[in-house]
Amino acid sequence: MLLRMSTLFLRTLREDPADAEVPSHKLLARGGYVRRTAPGVYSWLPLGKLVLENVTSVVREEMNRIGGQELLLPALLPREYFETTGRWTEYGDSVFRVVDRKGADYLLGPTHEELFTHLVKGEFSSYKDFPVVLYQIQEKFRDEARPRAGILRGREFHMKDSYSFDLDDEGLQHSYDLHRDAYVRIFDRLGLRYVIVSAMSGAMGGSASEEFLAETSTGEDTFVRSTGSGYAANVEAVRVPVPPALPTEGAPEARVHHTPDTPTIETLVDFFNGAGIGRTVTAADTLKNVLVKIRQPGDSEWEILGIGVPGDRDVDMKRLEAALEPAEVAMLEEADFEANPFLVKGYVGPNALIHNKLRYLADPRVVEGTRWITGADQADHHVVDLVCGRDFAPDGVIDVAEVRDGDPSPDGQGTLYTARGIEIGHVFQLGRKYADAYELDALGPDGKPKRITMGSYGIGVSRVVAAIVEQSHDDKGIVWPREVAPADVHVVGTGKGEQIEVAVRIAEELTARGVRVLVDDRKGVSPGVKFTDAELLGIPTSLIVGKGLDQGVLELRDRASGEREEIALDTAVEKVAGVVAGE
RNA sequence: CGGGGAGUAGCGCAGCUUGGUUAGCGCGCAUGCUUUGGGAGCAUGAGGCCGCGGGUUCGAAUCCCGCCUCCCCGACCA
């Protein structure tokens with residue numbers, strides 16, 4: 001492959017586009033890799049298309065390696081498929097819908113579970129046909145409420161989606177493991193720094209769904225990781241370590257104190273520290289009781305739920321919703337307090353709930369024998385030394401308090417800190433949801449139908465391109481890993497002699513050896529411009545044919561390290577081919 | 001959907017407060033000469049529905065009213 005800058009459809013920009021905020025957006029636009037066409041919709045220009053194809057190739061190779069079979073389904077999908085699973089209405093505003101001249105409804109595919117399931121049902125029907133893994137790499141469409149960050153979150157994007165079809169749970173687990181391994185190889189080859197986090201709360205069951213997050217400061221997903229181990233998890237999935245229970249004997253009696261005007265944790269702590277109860281109190285010694293109401297799907301009644309967390313922490317609504325899924329969660333309204341006069345706002349204690357037959361769930365840190373300062377269920381009163389297991393007994397444990405930097409890691413090694421990432425891959429055990437909807441069965445050896453179980457696995461191919469740039473750039477431009485770079489070598493001819501002719505000749509010789517080459521053969525362009533463009537474009541290796549040519553000397557540059565080396569003209573092709581081959 | 005900002009040449013912007021000749025600057029583009037190791041110089045050019053519609057005015061990029069679009073933060077989504 002030989003690209004000539006004199007004719008390449010490329011115009012680099014000296015300034016950042018006004019609408020670009022994140023590095024990947026700025027650099028991909030300035031480098032002429034992409035151009036914005038509409039909000040969240042981008043055109044891939046020749047260099048960008050090459051990068052996209054390189055990523056695609058890596059994905060394709062690794063999918064084929066695990067036995068995946070590539071096919072290509074339409075992006076334009078008729079309504080009927082989505083009626084079967086109810087997703088036609090479920091999707092709401094988040095998909096593009098189109099109507100044909102006859103008035104028939106379609107949508108532009110956001111994902112393809114329905115189509116794949118239906119397709120398999122039409123072709124395969126024997127247990128001998130399974131398992132099977134099918135995948136495609138194509139454009140997906142989602143009408144994002146707010147596309148942002150350029151390529152990172154668009155409304156049209158490239159995605160590899162694959163689907164596994166197995167006869168039983170063991171088979172599904174195997175297909176899932178194969179995909180997970182393939183994803184590790186893919187992202188390793190692409191040179192990405194990433195973590196694998198559980199995408200679900202522990203209650204929903206371990207490895208049924210995991211996300212691959214590329215670590216970047218600009219990512220929109222937050223997760224936590226440990227300073228002392230490889231532990232990483234979504235905030236929703238963090239399980240707080242449970243401290244050992246303490247003996248209840250010998251603990252002082254619970255005593256109610258008059259605590260005027262202390263409806264908040266802060267005022268309460270201040271009060272006790274001025275009240276001389278014989279010890280210094282912190283917010284962590286108090287038990288904050290947060291009241292929410294929940295409603296199970298299909299129910300019309302709300303249930304009031306009390307949640308006890310250490311007073312120095314808030315309830316994390318995301319963790320709460322994940323823990324209570326699929327129930328709906330809402331904060332209590334004034335009317336709820338009026339209907340339940342035993343709930344004294346600002347002074348709620350565990351026993352008001354427990355004694356009135358309302359469920360009370362407590363943080364894992366609230367173990368037997370722990371002593372708490374908490375509401376006494378009457379205005380302006382709190383109770384001190386209320387002992388868990390002696391004075392109150394929660395109905396259960398709920399792990400929904402906010403996770404903070406410095407919290408101990410659940411695996412016991414190190415402490416947690418929050419990081420940001422971009423979701424680049426997702427592996428998910430779907431189970432039989434779609435197989436049930438389409439009645440996808442295989443006839444077993446016993447002559448009886450067996451319901452198929454499925455997995456779905458995605459990689460955001462275009463997003464991966466942006467994620468790579470986010471992780472691999474400097475103030476001058478992009479630094480492509482060789483596997484995804486649009487070329488291996490950027491041969492730059494600069495000077496008023498025969499440098500450009502020599503550069504082109506070297507480029508042709510390298511091309512003949514199978515090296516992918518971009519040659520800067522533009523005439524009348526100053527060296528500074530060419531060097532700057534080379535750094536912006538980010539091809540891993542540059543070969544400068546310039547002022548040293550008269551002495552038979554060329555310069556080899558490494559984009560990532562910035563190292564420069566003078567090499568002889570005679571052996572340059574040999575040398576560069578070796579560098580490209582990783583020698 | 002809530003909050004903030006912006007629409008002027010392919011790109012980045014000024015001009016608007018205080019209406020007044022032919023709407024300006026940088027980059028890019030074209031032509032010529034010079035220049036050639038770090039975003040060159042000089043000269044000459046091409047390129048505009050000043051977002052759209054209405055209004056005020058002798059006169060509107062500029063003032064008024066309405067609308068549309070885009071960007072950023074949040075919510076939502078994943």
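Naming: A, B, ... by sequence-line order, numbering from 1 per chain.
- Minimum atom distance to the side chain of A/T532 is reached by B/rG38, of the listed B/rC72, B/rG37, B/rG38.
- Of the candidates B/rG12, B/rG39, B/rG37, B/rG37 carries the atom nearest the A/E555 side chain, counting heavy atoms from C-beta on.
- A/H179 pairs in a side-chain contact (heavy atoms from CB on, under 4.5 Å) with only one of the listed residues (A/Y135, A/Y457, A/F428), which is A/Y457.
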Could you go through the side-chain contact (heavy atoms from CB on, under 4.5 Å) check for A/L543 and A/V517 one step at a time?
CA-CA 10 Å; A/L543 181 65; A/V517 184; over 6 Å; no

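- Taking atom CG of residue A/D475 and atom C1' of nucleotide B/rG39, one finds them 14 Å apart after rounding to whole Å.
- Remark: B/rU36 base-pairs with no nucleotide in the shown strands. Criterion, Watson-Crick or G-U wobble with two distances under 3.5 Å.
- Summarising the base pairing, B/rG12 is matched to B/rC25 through a Watson-Crick or G-U wobble pair whose two defining distances lie under 3.5 Å.
- Regarding A/L13, its CG atom lies at a distance of 12 Å from the P atom of B/rC13, rounded to whole Å.
- For A/R14 against B/rG10, a side-chain-to-base donor-acceptor contact under 3.5 Å is absent.
- The side chain of A/K496 has B/rU36 as its nearest neighbour among B/rA40, B/rU36, B/rG26.
- In this model, a side-chain donor or acceptor of A/R30 finds a partner on the base of B/rG39 within 3.5 Å.
- Using atom C1' as the reference point in both B/rG28 and B/rG39, the two lie 12 Å apart (nearest Å).
- Here the side chain of A/R36 is nearest to one of B/rG37, B/rC71, B/rC73, namely B/rC71.
- Put simply, the side chain of A/V465 reaches to within 4.5 Å of the side chain of A/W44, judged on heavy atoms.
- At whole-Å resolution of the value, CG in A/L28 and C1' in B/rC11 are 17 Å apart.
- Separating the CG atom of A/D16 from the P atom of B/rG10 is a distance of 20 Å, rounded to the nearest angstrom.
- Across the strands present, B/rC50 finds no partner; the criterion is a Watson-Crick or G-U wobble pair with both atom distances under 3.5 angstrom.
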